[in-house]
2 protein chains.
Amino acid sequence: MQGGRSNGSAVTRILDVAERLVQHRGFNGFSYADVAAELNVTKASLHYHFAGKAELGEALITRYTRRFVAALAEIQRLDLDARAALEAYAELYAEVLRGRRMCLCGMLAAEYQTLPKQMQDAVIRFFDQNEAWLESVLEQGRSKGTLRFRESAREAARLVVSALEGAMLTARPYGDVDRFQAAATVLLSSLTDTGAVATHS
Amino acid sequence: MQGGRSNGSAVTRILDVAERLVQHRGFNGFSYADVAAELNVTKASLHYHFAGKAELGEALITRYTRRFVAALAEIQRLDLDARAALEAYAELYAEVLRGRRMCLCGMLAAEYQTLPKQMQDAVIRFFDQNEAWLESVLEQGRSKGTLRFRESAREAARLVVSALEGAMLTARPYGDVDRFQAAATVLLSSLTDTGAVATHS
DNA sequence: GTCTATAGGCAGATAGAC
DNA sequence: GTCTATCTGCCTATAGAC
């Protein structure tokens, strides 16, 4: 899902570095100076490409969302059953975490109250699109009998997003991708179980 | 679970204001100046009580964890069944969210990479204690047949923490506590279902 | 497009009077 | 304990040369 490393245009290289910094340290935890130092340019030259931090931030979210939505479309194209589609969805998160990164929009959700308006709106759009895609997958899975949940598909979609974002969030302090995988596995099995399983250890 | 409002000692009042600011804006999103302004004192006087931001931050986590662990002990004391204990646990999170706050340690987990070492260690301890408590509740629920999950109780505990932290994280941009409640409800029902439920809409 | 230079502000922190 | 005053450093941002 990620592009190449620092071989694109100036704008692309700026976005690549800034994206990694935000996913590592947060929007309030990085500066133009950090980006400039890594690219061996000056802060002033960054302002030529992005008027201010708000514009840079908005561009980051837009690009990230575009790539994420493209990855969702690719999963759809594979025409997997619902369980496998959810596994593929969780794998998108796992890839980000393996790069020692938090989901860009999960990070920005934490900092939401301090973000410029245009970034806030872009963060909302990311989650809306994730939910819509998941709702469709979950509804289809339930209608075919491969998934099971009591509440609406929209509500179940919110659990999936919540659990995966939260699993990334809590796995990072431990530097342990297995923690994420464990939570994802329990989540998927809890939406899959048919009832014919052991009820105690 | 929260104490009174600004009626304690100077230290307590500082912690109260700083706690709210961190839960609202993040550790990198607030300053000594913010706290001082709200309390109508100067930044210098804050340094008398807390040598630096790192010490203030560590004290915040320690107090928050102590209160949270006390709330967990209170739930235990009520001797509820596992399902009700999990509902009470989720309600602790809901109370925080109703105050328009993120879980202190969830917020700090996002900013983890930028925190001073003593704060990082304190954040880890918070999650460890939550997991241990949940593991015990989940194991008991499974042995009594009121809960159902395939994997280890420790792994299921990680899902519970992940889902609730993630549900808080993603509900805040929408300013919508119902979003949290929906995710929590689906989570609990997915750990409770006995198998005799509808499998499609 | 990228640079040097600089503005203006806010950060965390300290010294020393009261 | 709280204050005034100040330090140093970093922040975002801009002007203008090249």
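All chains are named by letter (A, B, ...) in the order of the sequence lines, taking the proteins before the strands, and each is independently numbered beginning at 1. In this text, all values refer to a predicted model and were calculated from it rather than measured experimentally.
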Nearest-Å distance for atom pair [atom1]/[atom2], residues [X] and [N]:
X     : N      : atom1 : atom2 : value
B:N40 : D:dC3  : CG    : C1'   : 14 Å
A:D34 : D:dT12 : CG    : C1'   : 13 Å
B:L46 : D:dT2  : CG    : C1'   : 10 Å
A:N28 : D:dT12 : CG    : C1'   : 13 Å

Using only atom types and a distance under 3.5 Å, with no angle test, would you say the side chain of B:E111 pairs donor to acceptor with the backbone of B:N28? yes

In this structure, are over 12 heavy atoms from other groups packed under 6.0 Å from B:R100 atom CZ? no

So, does A:Y48 get its side chain near the phosphate of C:dT2, meaning an N or O under 4.0 Å from OP1 or OP2? no

With a 4.0 Å cutoff (strictly under), does any side-chain N or O of A:T42 reach OP1 or OP2 of C:dC3? yes

[X] with [Y]: basic N within carboxylate O range, under 4.0 Å:
X     : Y     : answer
B:E95 : B:R98 : no
A:R77 : A:E74 : yes
A:D16 : A:R20 : no

May I ask you to establish whether B:R172 and A:Y112 are in a cation-pi arrangement, using a distance under 6.0 Å from NZ or CZ to the six-membered ring centre and at most 45° from the ring axis? no

Mark up nucleotides 12-18 of chain C, 5' to 3', with B wherever a protein heavy atom is under 4.0 angstrom from a base atom, S wherever such an atom reaches only the sugar-phosphate, and - elsewhere. BBBB---

